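Values below: all heavy atoms of this structure, side chains included; hydrogens, waters and symmetry mates excluded. Letters A, B, ... are given to chains in the order of the sequence lines, protein chains preceding strands, and every chain is numbered from 1. Because the structure is a prediction, the values reported are computed rather than measured.
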4 protein chains.
Amino acid sequence: MPKSPAPRVHGDVNGESTVRRGRPTGDHAAKRAELLKAATTVIARDGYANASLRKVAQQAGCTTGAVTYYFANKEDLVAALAESRFDRYDAMLEAARAEPGVKKLFERWLELTTGDPEFWPVMSQLFAHARYEPGFAALIERRYARFREVYTSILARGQEQGTVRADIPADLLADQLSAMGDGWMMMFPFEPERFTPARVKALLDAAITLITPAPTTRRAT
Amino acid sequence: MPKSPAPRVHGDVNGESTVRRGRPTGDHAAKRAELLKAATTVIARDGYANASLRKVAQQAGCTTGAVTYYFANKEDLVAALAESRFDRYDAMLEAARAEPGVKKLFERWLELTTGDPEFWPVMSQLFAHARYEPGFAALIERRYARFREVYTSILARGQEQGTVRADIPADLLADQLSAMGDGWMMMFPFEPERFTPARVKALLDAAITLITPAPTTRRAT
Amino acid sequence: MPKSPAPRVHGDVNGESTVRRGRPTGDHAAKRAELLKAATTVIARDGYANASLRKVAQQAGCTTGAVTYYFANKEDLVAALAESRFDRYDAMLEAARAEPGVKKLFERWLELTTGDPEFWPVMSQLFAHARYEPGFAALIERRYARFREVYTSILARGQEQGTVRADIPADLLADQLSAMGDGWMMMFPFEPERFTPARVKALLDAAITLITPAPTTRRAT
Amino acid sequence: MPKSPAPRVHGDVNGESTVRRGRPTGDHAAKRAELLKAATTVIARDGYANASLRKVAQQAGCTTGAVTYYFANKEDLVAALAESRFDRYDAMLEAARAEPGVKKLFERWLELTTGDPEFWPVMSQLFAHARYEPGFAALIERRYARFREVYTSILARGQEQGTVRADIPADLLADQLSAMGDGWMMMFPFEPERFTPARVKALLDAAITLITPAPTTRRAT
DNA sequence: GATGAATGAGAGTTCATTCAT
DNA sequence: AATGAATGAACTCTCATTCAT
């Protein structure tokens, strides 16, 4: 009792959605990326708790079966999503490391986090749920540790060069600044109107002021 | 469709004894509080996305029906939970306002957030999901605004008295410090072992150092 | 957004199916038994591999949710089904033990297995799949051991009384006879037409002939 | 919709060399046999209800498409599997017929069924599900009838020669003995530890004792 | 006041099957 | 000859919610 899904239609000229089966030229990695994009959109829009594979499929314009074909299960999808997000984070860190200075780092961070309006929302959702999926939690812990490490090294260099206050250990400073960023990330989705570009700039400038050494020596002269 | 039996009144604002006719009063509020406690435990343990009314009922040792009897629906329960949590936050703020000084505020905050091991986990879960339940989001926005306001006023007073650096507007400082706290709150459930009492103290001390005025002027004299 | 399932109708006079919610006078055990009966019918009709909770619900005239309300999961349902079937088996054994004689046992067995046309089909399906559900396999092993034990004791008594041949140990005889019954049980659903009452009687009579002592001694006299 | 490429012919009845043009023949049959072996393993391991074409493909180390390429559908695969299993049974019967005597038959049967540890498990699974796939049920009925027929003829010959008791018609005896074998086959996968070689031998010896004529010679005394 | 039977939608997942390549 | 992307239906199970009792 074969249940062929309605009369097969393809190569239509109207641009209507066609039913395609069989083996397309599909690029596995590309399709996965496409589905991850769809998942990002869904999670940013509906939140993690209300996101479902069905919605992801719908967003991507394919069937649920296709999603589970490319990802073993939901956890796999979410993990891949987290990886891809952190890959962007890592790329940013790499770039920031090349051109030192905390200010540059802030700029890169701002660029990354504001360039994509879904970045903050989806990241905060992933963080919130990571705790309850062990493998996922490990991933974040690992990636986050790396992030703090780079942060610390940049600040330490700044301290050597006298551009960053030295009365607080670099690792504590890194912890404070990254927590600050996380805090904003968490609150941003609530009241995006509060985070105007102007205010974000003011906040970052203030952060730089916070960690800049006091002009004591110069004044003593 | 709030099911709270209208005729019952208790816990009135004036502190006067309220009308106690018929059934023993306080039962209703007490039972709600009990259920909220159970909900807190469940959310802290399983995460918001994996929390269900069933689990809450089970945790509280009662039936599913009882939960929906005391709360119109899930959103109602979660909103009440958020209210109760913020009530504790407000109480803390009230106390902090009475005995000024940023250091005192930090101590109060620390007391609140570390006194209950479920506090941070449940709060971060509630924040993460608030965005997607409109009424809930409004609640948090309102409460959070109030929180920043108190924070700002305390910092402003510090600036007047010279105990807080004045080169950054008080509202920006408040934003930065509260974001810092939020960031820690978000990360704490992941790696609680990283937040030893010693490190938390170091972080708070460093935060105080950050906002303390540079000792230049004194030296210049 | 409450999704009350269509306008509530009940107490209709037409005999049409009504939608009933809330708490009926329902007897928990009775409803479970009802669902087990439905499961029996479905498995006997479609086979274990094609049986689903949906079909069971449909057969019982209720929703899938109701089934999972009464049984934690599919395995639980199947285990309960097996228990109930074996309870009947045990009752039969008890009765057979009271009135000894292999012939009586055969009669009881026949009564049980032919009284319900679904008995053999469902039993053979349960046996076939038991191997792959550990808890279920243990149940069957336990029950089946008990069955062989009773069988053996009845045969041993027969041997003492000289009604059963003594040249084969009773436990081997029991194993052979019960295997014979199992074999028929397995084949019966295939070709029920082959197992006419007359032939079944002939087979059982032949089985009795098989285990009756050879009439040598009598003739020697 | 059988997909076997029509022009290819091999394994013809006459034993003459068949047409071998174009691609190397035998590949097709060999691959099918390979897949059947994989299917046997999967069914024996996971049971029929939990067997899937996916698992068969995986077990065979090929793709899902390959399976559906060599077999029109699942039923086709299962039918082919049953055929191949019964082919071995038939070969055994043929051999047993050549060298008469019930004992020889038992030995052959034992050889067949214990030689391959997957034989009993997969056979009992196939039997259990045959009822619910009509074509398959017909196949088994046909093959099984043949089996009983051979069994009967061997027993009848034994009766003529006085090596098998004549007080029970041969067809009933065949029915009983084959049912006995089926019963063991059904139970074996459950408690293989119970069927030690020693016990199996004892059971078969006892079966021979059962059908051996009573030692009437003593009667003459 | 409180219960718990029952609902129906939707979740994640598996599956046999199709077919362009 | 063989692949593997994709389908869509069906599966088990969980859930918030309703309501007669």
Side-chain angles (χ1 to χ4, degrees), chain A residues 1-6 8 10 19-28 31 50-55 57 62-75 77, chain B residues 1 3 5 23 27-28 31 50-55 57 62-75 77, chain C residues 1-6 8 10 19-28 31 50-55 57 62-75 77, chain D residues 1 3 5 23 27-28 31 50-55 57 62-75 77:
Chain A
M1 216 178 290
K3 305 175 182 174
S4 57
R8 189 59 38 83
H10 48 86
V19 177
R20 299 186 86 268
R21 232 127 42 138
R23 187 190 208 180
T25 358
D27 182 355
H28 198 86
K31 184 76 192 207
N50 298 118
S52 70
L53 296 191
R54 271 172 170 68
K55 284 182 184 173
C62 63
T63 63
T64 317
V67 178
T68 56
Y69 176 75
Y70 283 97
F71 297 95
N73 48 39
K74 193 184 185 181
E75 193 179 350
L77 170 70
Chain B
M1 214 179 292
K3 298 202 173 185
R23 308 246 175 66
D27 277 9
H28 201 257
K31 186 82 189 208
N50 299 117
S52 69
L53 296 191
R54 254 178 178 59
K55 286 181 182 172
C62 65
T63 64
T64 320
V67 178
T68 54
Y69 175 75
Y70 283 100
F71 298 94
N73 49 36
K74 194 182 186 181
E75 195 179 348
L77 169 71
Chain C
M1 218 177 288
K3 305 177 181 172
S4 57
R8 189 58 40 83
H10 49 86
V19 178
R20 296 186 89 267
R21 256 211 286 187
R23 185 190 209 182
T25 358
D27 181 355
H28 198 86
K31 184 76 191 207
N50 300 117
S52 69
L53 297 191
R54 264 171 169 66
K55 285 181 183 173
C62 64
T63 63
T64 318
V67 178
T68 57
Y69 176 75
Y70 284 97
F71 297 95
N73 48 39
K74 194 183 184 180
E75 194 178 349
L77 169 69
Chain D
M1 215 178 291
K3 298 203 173 188
R23 306 245 177 65
D27 278 9
H28 201 259
K31 186 81 189 205
N50 299 116
S52 69
L53 296 192
R54 255 177 177 60
K55 285 181 183 172
C62 64
T63 64
T64 320
V67 179
T68 54
Y69 176 75
Y70 284 100
F71 298 94
N73 50 38
K74 194 181 185 181
E75 194 178 349
L77 169 71

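Contact detail for D:Lys31 and D:Cys62: the closest heavy-atom pair is NZ-CB, 4.3 Å. The two residues A:Val67 and A:Ala57 make their nearest non-hydrogen contact at CG2-CB, 3.6 Å.
Atom P of nucleotide E:dA6 and atom CZ of C:Phe71 are separated by 12 Å, given to the nearest angstrom. Atom NZ of A:Lys55 and atom P of E:dG10 are 10 Å apart (whole Å). The distance from atom CG of C:Asn50 to atom C1' of F:dC11 is 12 Å, rounded to the nearest whole Å. In this structure, CG of D:Asn73 is placed 8 Å from P of E:dT18, rounded to the nearest angstrom. Counting to the nearest Å, the P atom of F:dA9 and the NZ atom of D:Lys74 are 19 Å from each other. Atom CG of A:Leu77 is separated from atom P of E:dA11 by 14 Å (rounded to the nearest Å).
In the set F:dT17, E:dT7, F:dT3, the nucleotide with an atom closest to the side chain of C:Cys62 is E:dT7. Considering only side-chain atoms of A:Thr64, the nucleotide from F:dC11, E:dT13, F:dG8 that sits closest is E:dT13. Here the side chain of A:Leu53 is nearest to one of F:dC13, E:dG12, F:dT3, namely E:dG12. The side chain of C:Lys31 has E:dA6 as its nearest neighbour among E:dA6, F:dC13, F:dT3. With E:dA16, F:dG4, E:dG12 as the candidates, the nucleotide lying closest to the side chain of D:Thr63 is F:dG4.
In DNA chain F, consecutive stretches of 3 or more Watson-Crick or G-U wobble pairs with both distances under 3.5 Å are given as paired ranges: E:2-21 with F:2-21.
Within 4.0 Å of A:Ala57, counting heavy atoms only, lies no atom of the nucleic acid at all. Residue-level contact check: A:Ser52 touches the backbone only, with heavy atoms under 4.0 Å from sugar-phosphate atoms and none from bases.
Looking at A:Arg54, its side chain has no donor and acceptor atom pair within 3.5 Å of the base of E:dG10.
With sequence neighbours left out, the side-chain hydrogen bond (donor to acceptor under 3.5 Å, both in side chains) criterion links C:Lys55 to C:Asp46.
Atom-to-atom distance recorded for A:Thr63:OG1 and A:Arg54:CZ is 10.5 Å, nearest 0.5 angstrom.
Between D:Tyr69 and D:His28, the two ring planes are perpendicular [angle over 60°; tilted spans 30° to 60°].
For C:Ala66 and B:Ala66, each mapped to the nucleotide of DNA chain E holding its nearest heavy atom, the one lying further toward the 5' end belongs to B:Ala66. With the nearest nucleotide of DNA chain F identified for both A:Gly65 and B:Gly65, A:Gly65 has the one nearer the 5' end.
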